[in-house]
Structure formats: C-alpha cells, structure tokens
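To start, the structure under review is shown below, and the notes come after it.
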Amino acid sequence: MSWVFISPLVNNPLDKSKHRPFNARSEIVEENKLFHSSFRYKRCLKPSTGFFEKGFRIRKKNYATIWLGGIWSRWCSLDGAEL
C-alpha cells in the first residue's frame, strides 16, 4: 500500500524527485489546496498497531488495533491506469 498523497494534477506520481506528502496536519488540512477536496469528500479510517511521531513509536501496550483518521485520493493516467 502506498502511504503518500498523490495530487490528481500530477503527471507522473511515481517520480520520486517530486515532493509527495504523506502526512496532512490537522491544523492546516482544511486550508491547504492540495488536501481540500479529499478532506471534504474522501475521508477514511486506517487500522494500525502503531505509528511513529518525531522518532517515537506510539502504540498500545498490548499492540491492539488503533484507528487513524485519513484522507485519500485517486489518480488516473491518460491511458486509464489508476492509483
């Protein structure tokens, strides 16, 4: 699974030389034009056993599933390929 946010306006989403955000901060996600449409219409919950924040792993002691809020996007190429 890809954990980056792909803008629908990108020509080649696999080009690693381009900036590909993977974290939309809750403080700015509603105002940022890149995330605006997904924040309004494409929300999801992602199951996880933990995540890293500033070098620390955050998880429950028993590794139980936690649910993280997320946004998603869909990218379509001119030949119909989808990510």
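At distances below 3.5 Å, not a single donor-acceptor pair connects side-chain atoms of Ser38 with backbone N or O atoms of Lys42. The backbone N or O of Thr49 sits nowhere less than 3.5 Å from a side-chain atom of Thr65 that would complete a donor-acceptor pair.
Distance check: Leu68 CG to Cys44 SG gives 9.5 Å after rounding to the nearest 0.5 Å. For the atom pair CD (Glu31) and NZ (Lys33), the distance works out to 12.0 Å, reported to the nearest 0.5 Å. One finds the CD1 atom of Ile6 at 11.0 Å from the CG atom of Leu34 (value rounded to the nearest 0.5 Å).
In this structure the side chain of Phe35 reaches within 4.5 angstrom of the side chain of Ile71, judged on heavy atoms. The closest side-chain heavy-atom distance from Arg74 to Cys76 is below 4.5 Å. The side-chain heavy atoms of Arg59 and Ile66, taken from C-beta on, include no pair separated by under 4.5 Å.
Taking a 6.0 Å sphere around CZ of Arg57, one finds it holds more than 12 heavy atoms contributed by other residues, nucleotides or ligands.
Phe39 carries Arg43 over the face of its six-membered ring, with the cationic atom under 6.0 Å from the centre and within 45° of the normal.
Follow the hydrophobic side-chain contacts under 4.5 Å out from Phe5 and you never reach Trp72; the two are in separate clusters.
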